[in-house]
Structures are given as structure tokens and as C-alpha cells.
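For reference, the structure discussed in these notes is given below.
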Amino acid sequence: MKKKLRKLEKYWVLYDVGNSAFALLATTIIPIYFKNMAAAAGIDNADSTAYLSYAISISTLIVAVLGPIFGAVADNKNHKKPLFTFFMMMGVLGCAGLALPKSITLFLAVFVLARVGFSGSLIFYDSMLVDVTEDERMDEVSSQGFAWGYIGSCVPFVLSMGLIFGADAIGISSTAATMIAFAMNAAWWGLVTLPLLKNYKQKFYVETEKCGVGETFMRLGHIFGEIKNDKKVMIFLLAFFFYIDGVYTIIETATSYGKDVGIGDSSLLLALLLTQVVAFPCAILFGKLTKWFETGKLILVCIGAYFCVAVYAFWLDSAWKFWMMATFVGVFQGAIQALSRSYYAKIIPKEKASEYFGVFDIFGKGASFMGTTIMGASTQMFHTSKAGVLAIAAMIMVGFILFCLQHRSVQKSENEGEPFEILPEYKMENAE
């Protein structure tokens, strides 16, 4: 990046540092804690993996349905920050509340609530990207968000691991230590979000006289119509749906899958910590590579890498293989998410960013819903977590092919000098 991150860009990045603590918790300690809770209740590994997958799918479906609606509301003047705050607090309180349930049913209910808050807040957070920076800086700012999110989340995670593994030394049970860890991660998430809440100001918005339910759904219908007629956006979203399915499913089920193939808790946690550490410099690297390589080509590299990960996971049966997979995932995990976010932000109307990111979330969460559902159903049906791996690999390949078509179409349009569709006029407040 030619210049260092500005203050508002840094505050935006800080939210990735905060919410990533929950994201890491949800893919490491929470699955282990839940599966141990389920085992104590007499539930076998296959069923507990399926139940957790279904909980993830339910929370995903809720956000996929509500996301576009709230996104349409958020694009009205001064609406984005309040909605972001509401969902962020739902996530923070849900994370802290995981310490309370004693039954697996209630635990999964609170987990769903926390994930809805977490995922819902990201719709508005992602759309804030157009307000905090410019097009030419988006790739690297977005990458910096994921990069610092990965390394920043390691702080509460390492403290949580130290507390859990050292529980006996300080005279508390591992269960009590895990409960404290939930509260600690929630506090971290809330505190590092404060600078963004204090300084963010919505610059792009839709000028409308009404903000009622009817008006919101009418605008939402127009958005879907616009996307349907905009091939560069529509094909990208279809490609994103398929390839991000593999990314999210691998992230969300890696710990449960690792336990099912016999990998110990400590190896799982340390390997996934390694993923975060590796992801930090690699996300920044890919952001800088956009100066020399087209963003679309870098995304294709990442999709291809995730296809290899899915195929490799089919033969995963030992701790050292899981460590290799964790390292490889770390190289591409932040890059594919960051570059997809910034790529999309540059091809949509800025004044409708929340609405468009609400639709973006439908495709992302829809993919996650499908992936985790496939994992859950196939695991119960065939009594092995490996059953869904090949289906995930196939979906990633479909995404690769669709993105190739989309990227080739965009390049052809640019080479022939055909401009993209002219975006409608938008209102922008003067930033002081």
C-alpha cells in the first residue's frame, strides 16, 4: 500500500481482530467442549458432529433470510451503525452466555444466537469497507483486516488455552476454565470494537423519504432485479456460492472432523493456532500481490488450493497430516475471503453496499448451510465424516469453473473498451 492505514481504516480492521476471536473459538474450543459434553451425555462422535453441524446450518439459514432485509434498512442514512451494534452485541453476549448452559440442547441454542449475532454483524461490517476507504485501497485494506484478525485472535485464544491446560495448577476444573474463556473472548470482542463504534460515519446511503416495511421489500426486489441483469455480479455470486462452500465447511468442521479421525485435543488446538499464525503474513502478502497481479487471478489460485485441501482431507488419519493441512489452509484462508470481499465491493454500487452485501451473505451463508448440512447428513448416514469430503471438493471445482467464466468475461469487456453498466447516482456526505 502506498500509504499507511488511516485511522478509520485501522478502526475498521480492529473489528476483524475482535470478531475473529469468536470465529477461532467457534472452530476450536467450542466444538471440543461440546463434543466432550455430548460424550458425557452418552452421545457418540458421529451424532455429536451432526448436531453441531445442524446448529451451524440453522444459524446460517437465519442470517441468510434476515441479512438482505436488514441490509436494505441499513442503506438508509444513519441506519448502518445501529444495526451493526445490535448484531455485534448479540454475538458478544451470546459468546459470554455459552458458559451458562448445562444441557447440550441449551448450549446449542445459545451457540446459534451467538453465531447469528456474529454473522449478522459482518453484513454491515463488510459493507462499511466502501465508507472507510477507496477502490484502489480496498484489496489491501480488506486483506489487512483478515490478517490482523487472525493474529489478533491468537491473544485471547492463547490465554484461553493457558487457562484450560493450566486449570489443575490453579485449582479449577477444565470445564470452569472453559467457561471463563468464553467470557474473556466476549470481553475482547466488545472492547476492540469500541473505536469503530465511536468514529465510524456512514458516507454512502440511499436517499429515500420512507423507511417502512413495504418500502424495504420493494427496494429489496429492485436489488435482486439489478443483480439478475448484471452478469458480472450474478456470475460472481454463483461462483462464490460454490467455492466458499468448501472454505466455510473446512473452517467450521475441521475440529470435529479431526476428533472423529482420532486426533487429540491438544494437537487440534495447536494446529489450528498454527493456521492463524500462518494466515497473518499470507493474507498481507496476497493483499500486496494485487499491485502486480489481478485480483481475479489470485482468487483462482486460492480456489485451486482449497480444492487440493478438500481432496487431501479425504486421506487425513493422523496428527502430522492434520498439521500439514492446517499450514496449507493458513496460506490461503485469509486471502480467499479478503480478496472475494474487496473484489465484490468494487463491482457493486456503493450507496447500496449493505443491500448488496446482504445478498452476498445469502450466497455465502447458503453455501455454508449446504456444506455443513452435507457434512452432518453424510456423517450420520455413512457413520464417517469422510463421506462429505468428496462432495465438498466437487462444489469447489464448480466454483472454480464459474469464476473462470466470470473473470474472462470481465477481462474481455475491459479489453474491448466496453464500459460496465453506469451506476445510479448516489448521495455522499462530506467527510470532515
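All of these numbers come straight from a predicted model, not from anything done at the bench. Below, all heavy atoms of this structure are taken into account, side chains as well, without hydrogens, waters or symmetry copies.
- For Y356 and F360, the gap between ring centers reaches or exceeds 6.0 Å.
- Annotation: F240 is not in aromatic contact with Y344 [ring centroid separation under 6.0 Å not met].
- When all heavy atoms of S127 and F357 are compared, the closest pair comes out as CA-CD1, 3.6 Å.
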Scan the side chains in residues 86-112 for donor-acceptor partners under 3.5 Å anywhere in the protein, sequence neighbours excluded, and list what turns up.
residue, atom, partner, partner atom, Å
S103, OG, L106, N, 3.3

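- Side-chain atoms of R341 and Y125, non-hydrogen and from C-beta on, do get closer than 4.5 Å to each other.
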* To do: Test side-chain contact (heavy atoms from CB on, under 4.5 Å) on F242 and M397 and set out the steps.
  => CA-CA 8 Å; F242 284 100; M397 180 53 63; over 6 Å; no

* Asked: Can W188 and V17 be said to form a side-chain contact (heavy atoms from CB on, under 4.5 Å), step by step?
  -> CA-CA 9 Å; W188 172 272; V17 174; 3.7 Å; yes

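- Between D135 and K346 there is no salt bridge, since no side-chain nitrogen of the basic residue lies less than 4.0 Å from a carboxylate oxygen of the acidic one.
- Taking the side chain as every heavy atom from C-beta outward, T60 and S119 never approach each other to under 4.5 Å.
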* **Candidate pair E134 and R6, rule salt bridge (Lys or Arg N to Asp or Glu O under 4.0 Å), full reasoning** => CA-CA 12 Å; E134 296 84 40; R6 302 162 185 160; 2.9 Å; yes

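- Atoms CD1 and CG, from I227 and L237 in turn, are 6.0 Å apart once rounded to the nearest 0.5 Å.
- Expressed to the nearest 0.5 Å, how far CG of L300 lies from CD of E294 amounts to 10.0 Å.
- Side-chain polar atoms of N19 and S121 form no donor-acceptor pair below 3.5 angstrom.
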* **T175/Y33 under side-chain contact (heavy atoms from CB on, under 4.5 Å): CA gap, chis, key distance, verdict** => CA-CA 8 Å; T175 299; Y33 179 78; 3.8 Å; yes

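- Separating the SG atom in C302 from the CZ atom in F400 is a distance of 11.0 Å, to the nearest 0.5 Å.
- Taking the charged nitrogens against the carboxylate oxygens, D139 and K288 have no contact shorter than 4.0 Å, which rules out a salt bridge.
- Judged purely by atom type and a 3.5 angstrom limit, Q202 uses its side chain to pair as donor or acceptor with the backbone of K80.
- The local environment of CZ in F165 is crowded, with over 12 non-hydrogen atoms from other residues, nucleotides or ligands closer than 6.0 Å.
- Closest non-hydrogen pair, L402 versus A239, comes out as CB-CB, 3.6 Å.
- L5 and K10 make their closest contact through O-CE, 3.3 Å (heavy atoms, listed as atom of the first residue, atom of the second, distance).
- You'll find the side chain of I30 reaches within 4.5 Å of the side chain of F22, heavy atoms only.
- Rounded to the nearest 0.5 Å, atoms CG (L24) and OG (S160) are 8.5 Å apart.
- Annotation: side chain of C282 is not in contact with side chain of F332 (no heavy-atom distance under 4.5 Å).
- For Q276 against S153, the heavy-atom pair with the smallest separation is NE2-OG, 3.0 Å.
- Between F403 and Y343, a ring centre-to-centre spacing shorter than 6.0 Å is recorded.
- Taking every heavy atom of both residues into account, S142 and L129 meet most closely at CB-CD2, 4.3 Å.
- With respect to R137 and E9, a salt bridge is recorded, a charged nitrogen being found less than 4.0 Å from a carboxylate O.
- When side chains are defined from C-beta on, I180 counts as touching I172, because their heavy atoms get closer than 4.5 Å.
- A distance of 4.0 Å separates CG in L238 from CE in M234, rounded to the nearest 0.5 Å.
- Looking only at side-chain heavy atoms (C-beta outward), T28 and F157 come within less than 4.5 Å of each other.
- Looking at D131 and K201, their side chains never come closer than 4.5 Å, going by heavy atoms from C-beta outward.
- Screening residues 323-340 for side-chain hydrogen bond (donor to acceptor under 3.5 Å, both in side chains) gives Y150-Q333, Y150-Q337, Y243-S340 as the qualifying pairs, with residues at least two apart or on separate chains.
- Note: Y200 and Y11 fail the aromatic proximity criterion, with ring centroids not under 6.0 Å apart.
- Remark: Y54 OH to I56 CD1 distance equals 12.0 Å, nearest 0.5 Å.
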* **Test log, rule side-chain contact (heavy atoms from CB on, under 4.5 Å), inputs F84 and M128** => CA-CA 10 Å; F84 167 74; M128 288 177 180; 3.6 Å; yes

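- Summarising the geometry of A393 relative to F307, their closest heavy-atom pair is O-CD1, 3.3 Å, with the distance given to 0.1 Å.
- Contact check for L14 versus L196: no side-chain heavy atoms found under the 4.5 Å cut-off.
- Using modelled atom types, one side-chain atom of N185 and one backbone atom of A181 make a donor-acceptor pair closer than 3.5 Å.
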